Amino acid sequence: MQKTYAAITAVNGYVPEYVLTNQELETMVDTNDEWIISRTGIKERRILKGEGLATSDMAVPAVEGLLKKRGITANDLDLIIFCTTTPDMPFPATANILADKIGAKNAWGYDLQAACSGFLFGLSTGASFIESGRHQKVLVVGGDKMSSIINYEDRATCIIFGDGCGCALLEPNNEGFGILDSVLKSDGAGRSFLNMKAGGSLKPASHETIDAKEHFAYQEGQTVFKFAVTNMAEVAAEVMERNNLSSDDVSWLVPHQANKRIIDATANRTGLSADKVIINIDRYGNTTNGTIPLCLWEWENKFKKGDNLILAAFGGGFTWGAMYIKWAY
Ligand code: UT7
């Protein structure tokens, strides 16, 4: 009997309207367009503006669009996995908030925290519920309102991050399409290089933590860069090698959008030509959990049934991984 795989059967995305350009950042911190483009590849990013708007408010239009595309309702969903580093609140889970907002009465759900690798970890986790036969429709959402944890006086971080959200629906497939393999890794020894120091049980919010700006994302850029550039490329190559995929066999590389130089290194290591590498970092920056689903959403019309996709990510934790998907539609 043919094995059941979890196939992506629909994708969608949402980015807020407000465009924060490099030119506007030049007026906020000591930086310049040329430096940002040459070091990161980013020209602009989106920011969710407005009182009372959170990560789940970007997920709602993304998910409602996905349900419409697939011709199903929120009540058809069995499980919602919300991959985010900027949940609406520490608890309850943003998955629960989203379920309420879209009216998904039959789904259970939870949040998944793996920083920039979250969406890959979420796809892999969601796939297990499909492969086991427990669920028929698993929604995996990846989104972040990074602007809520960015210090717009810190030029080392504020130029990189943006807001956005994407989502994918997983359903069973018995014809050999779907998520065929993944290599996922984490190493907590890297936690000091990319984190948010306060607001957790280690350092609850206090006047001191606020004065010390410890509720913002902190990054030792160069160190993270060195780990990211090697590990993301290695793990992408590993998943290709163990599935006997040459660069000719791969149609698309879908990399986490953290830095154009890290994407280029991954493309070089895997031998994939530029036309196969999906890049939207120039328009959206690093949306953390949003990068990979936003890429899938924007390139969906170019994918053909049977295309081999390699997804790869690296993020805080450290966490990293790569996934091999045979596109199902
Ligand atoms: O998605 C999760 C994982 N995150 C990543 O993968 C991000 C990895 N890191 C990076 O992408 C890069 O390290 C950054 C884009 C964050 C920084 O680029 P870099 O090439 O590593 O720059 P750097 O930190 O080594 O700084 C080089 C110089 C420094 O000046 P000096 O000491 O050489 O005089 C910085 O002060 O550039 C300076 N600099 C800037 N200059 C203009 C740092 N930030 C800026 C800025 N504008 N925004």
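For ligands, and for the atoms within them, numbers begin at 1 and follow the listed sequence. Quick note: numbers below take in every heavy atom, side chains included, and nothing from hydrogens, waters or symmetry partners. From a predicted model like this one, the values you see are computed outputs, not experimental measurements.
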For residues T209 and H215, is any side-chain donor paired with an opposing acceptor at under 3.5 Å? yes
May I ask you to decide whether R70 forms a salt bridge with E171, counting only side-chain N to carboxylate O separations under 4.0 Å? yes
Once you measure the plane-to-plane angle for F303 and W327, does it fall in the parallel (<30°), tilted (30-60°) or perpendicular (>60°) bin? perpendicular
For atom 10 (C) of ligand 1, the protein heavy atom that lies nearest, with its residue and separation: N259 ND2, 3.6 Å
Heteroatom proximity flag, N32 to ligand 1, N/O under 3.5 Å: no
Per-atom contacts, ligand 1 versus A258 - under 4.0 Å to a heavy atom: 1 (O), 5 (C), 6 (O)
Do K137 and L170 make a side-chain contact, defined as non-hydrogen atoms from C-beta onward lying under 4.5 Å apart? no
Test item: protein heavy atom less than 4.0 Å from atom 39 (N) of ligand 1: yes
Pick from E220, Q219, Q257: the one approaching atom 4 (N) of ligand 1 most closely through a non-hydrogen atom: Q219
Of T85, I262, V224, which has the heavy atom at the shortest distance from atom 3 (C) of ligand 1? V224
In this structure, atom 20 (O) of ligand 1 is nearest to the protein heavy atom R39 NH1, 2.7 Å
Below 4.0 angstrom, counting only protein heavy atoms, does anything approach atom 32 (O) of ligand 1? no
Shortest protein heavy-atom distance from atom 17 (C) of ligand 1, along with the residue and atom involved: W35 CH2, 3.9 Å
Do M146 and I149 have side-chain heavy atoms sitting under 4.5 Å apart? yes
Going by heavy atoms in the side chains, are R45 and Y284 under 4.5 Å from each other? no
Taking distance alone, with N or O pairs closer than 3.5 Å, would you say Q222 contacts ligand 1? yes
Looking only at protein heavy atoms, which one is nearest to atom 16 (C) of ligand 1, and what is the separation? I160 CD1, 3.6 Å
Identify the closest protein heavy atom to atom 36 (O) of ligand 1: which residue and atom is it, and at what distance? R155 NH2, 2.8 Å
Any protein heavy atom sitting closer than 4.0 Å to atom 44 (N) of ligand 1? yes
Which ligand 1 atoms, with their elements, are less than 4.0 angstrom from a heavy-atom of T40? 15 (C)
Taking side chain as C-beta onward, heavy atoms only, is H256 less than 4.5 Å from S117? no
Nearest to atom 47 (N) of ligand 1 by heavy atom, T319, N22, T31: which? T31
Structural part of N286 in contact with ligand 1, heavy atom criterion under 4.0 angstrom: side chain
About how many Å separate CD1 of I42 and CG of D33, when rounded to the nearest 0.5 Å? 11.5 Å
Does the protein place a non-hydrogen atom closer than 4.0 angstrom to atom 29 (C) of ligand 1? no
Flag G221 as yes when one of its N or O atoms lies below 3.5 Å from any N or O atom of ligand 1, and as no otherwise. yes
Residue portion contacting ligand 1 (non-hydrogen atoms closer than 4.0 Å) for T157: neither
Would you confirm whether the ring centroid of W108 sits within less than 6.0 angstrom of the ring centroid of F129? yes
So, T73 and N75: side-chain donor and acceptor under 3.5 Å apart, yes or no? no
Among N280, N12, L66, I292, the one residue meeting side-chain contact (heavy atoms from CB on, under 4.5 Å) with W297: N12
